[in-house]
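Below is one structure, written out as structure tokens; comments come after it.
All values below come from the heavy atoms of this structure, side chains included, with hydrogens, waters and symmetry mates left out.
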Amino acid sequence: MAASPTSTNGNTSSVNGENGRKSTDGQQSWILFISGPTGSGKSSIAEFLASNLKARFIEGDDLHPKTNIEKMHRGEALTDQDRQGWLEAINEQATAFNKDKEQSPNHHHLIITCSALKRAHRDVLRESCLKAGYSLVHFFFLDAPEAELKRRTEARKNHFAKANLVHSQFEALERPRIDEYDATIISVVPPLESVQNDTLNVALQLINRR
């Protein structure tokens, strides 16, 4: 399991006060990637963090080319070649966003959802974002058993990634290891509110200790 600044089992301690909330104002820019397989709740967690941390939220799925979306809609797994253009599009968005900080230095923070299933995917993103000048680049990897994520994807509607993609994603999955110091594994088995607060508390610790 990847190293993390605090527990991720639902017992995360608060930060700087009873609610663990502290201002994240400042001129240093940071970027958080909310990653994990389909059905792990990336969008819900990212939206919650963006609201509480005064950050911009970009839905990574919106940057998929049409061919990728059509392929996933058919239940076909993406290859690394399919993902290459998608990762490049995410990097372009992240780089362009940070270039604007001279015009708007405060609250220049970004949260992006991206499955980033493999170490190589995370390496591409972290290298690009560090070159773009982000003072903090961190991955939150949302984790749950395959059966649980399959159950969730079967229950949801109006999403192009269907339940039959879960198994193929687990076959490709490379959870962050201990040497990925910029990654935190978060269990999403507990209730959503608990997961949201755990993730927020870890994010605050990372941001406030810079």
Side-chain angles (χ1 to χ4, degrees), residues 1-13 15 20 24 28-50 52-53 55 57-61 63 80 83-84 86-88 90-91 93-95 97-98 109-146 148-149 169-190 194-210:
M1 178 176 292
S4 67
T6 187
S7 171
T8 58
N9 61 4
N11 298 317
T12 310
S13 59
V15 182
T24 58
Q28 288 186 311
S29 58
W30 49 256
I31 182 169
L32 305 178
F33 288 99
I34 311 303
S35 62
T38 186
S40 57
K42 294 185 290 293
S43 297
S44 297
I45 300 299
E47 289 174 351
F48 178 81
L49 291 180
N52 282 273
L53 298 175
F57 165 47
I58 293 179
E59 176 59 72
D61 281 346
L63 302 178
D80 283 344
R83 293 188 178 97
Q84 182 177 350
W86 178 50
L87 294 174
E88 290 174 355
I90 291 175
N91 280 334
Q93 289 284 322
T95 298
F97 180 77
N98 206 34
H109 316 311
L110 185 60
I111 295 173
I112 301 181
T113 56
C114 175
S115 55
L117 298 175
K118 295 184 178 182
R119 171 70 177 260
H121 304 160
R122 297 187 291 273
D123 284 345
V124 168
L125 295 170
R126 63 169 54 98
E127 181 179 356
S128 177
C129 290
L130 289 172
K131 286 182 178 178
Y134 285 96
S135 62
L136 170 67
V137 179
H138 200 84
F139 294 85
F140 285 97
F141 188 88
L142 307 185
D143 194 32
E146 180 179 344
E148 172 63 16
L149 297 189
Q169 291 201 349
F170 269 78
E171 286 185 319
L173 183 61
E174 296 173 3
R175 290 178 176 83
R177 299 180 65 83
I178 192 69
D179 61 325
E180 290 188 71
Y181 61 90
D182 56 357
T184 301
I185 295 177
I186 300 284
S187 172
V188 295
V189 174
S194 175
V195 176
Q196 288 173 330
N197 287 325
D198 282 355
T199 310
L200 177 59
N201 283 336
V202 175
L204 284 166
Q205 288 191 17
L206 292 165
I207 293 165
N208 293 333
R209 76 183 186 185
R210 289 179 304 155

From [X] [atom1] over to [Y] [atom2], what is the distance, rounded to the nearest 0.5 angstrom?
X    : Y    : atom1 : atom2 : value
Y134 : T95  : OH    : OG1   : 7.0 Å
I45  : S35  : CD1   : OG    : 12.0 Å
Q169 : E146 : CD    : CD    : 10.0 Å
H121 : E174 : NE2   : CD    : 8.0 Å
D198 : F140 : CG    : CZ    : 10.5 Å
C129 : R122 : SG    : CZ    : 14.0 Å

Exercise. Excluding sequence neighbours, so at least two apart, what forms salt bridge (Lys or Arg N to Asp or Glu O under 4.0 Å) with R126?
Worked result: D123, E180, D182
Do the non-hydrogen side-chain atoms of [X] and [Y] ever get within less than 4.5 Å of each other?
X    : Y    : answer
T199 : T184 : no
L53  : L32  : yes
L136 : R209 : no
S40  : I34  : no
F97  : I58  : no
L87  : C114 : yes

Would you name the heavy atoms of [X] and [Y] that are closest together and state the gap between them?
X    : Y    : answer
F141 : G36  : CE1-CA, 3.9 Å
S29  : N98  : OG-OD1, 2.8 Å
V189 : P145 : CG2-CD, 3.7 Å

Exercise. side-chain contact (heavy atoms from CB on, under 4.5 Å) between F170 and L149: does it pass, once the steps are laid out?
Worked result: CA-CA 10 Å; F170 269 78; L149 297 189; 3.8 Å; yes
For this session: Using the side-chain contact (heavy atoms from CB on, under 4.5 Å) rule, take R83 and L117 through it: C-alpha gap first, then chi angles, then the decisive distance, then the call.
Result: CA-CA 11 Å; R83 293 188 178 97; L117 298 175; 3.7 Å; yes
For this session: Begin with the C-alpha distance, continue with both residues' side-chain angles, and end with the deciding distance and a verdict on side-chain contact (heavy atoms from CB on, under 4.5 Å) for F48 and N197.
Result: CA-CA 9 Å; F48 178 81; N197 287 325; 3.7 Å; yes
For this session: Under the side-chain contact (heavy atoms from CB on, under 4.5 Å) rule, collect the residues that match up with N91, sequence neighbours excluded.
Result: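 N91 satisfies side-chain contact (heavy atoms from CB on, under 4.5 Å) with V124, L125, S128 once adjacent residues are dropped.
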Problem set entry | Salt-bridge criterion met for D61 and K42 (N-O under 4.0 Å) | no
For this session: Can you spot which of L110, T113, I90, I111 makes a side chain to side chain contact (heavy atoms under 4.5 Å, CB included) with F33?
Result: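 Going through L110, T113, I90, I111 one by one, the side chain to side chain contact (heavy atoms under 4.5 Å, CB included) with F33 is satisfied by I90 alone.
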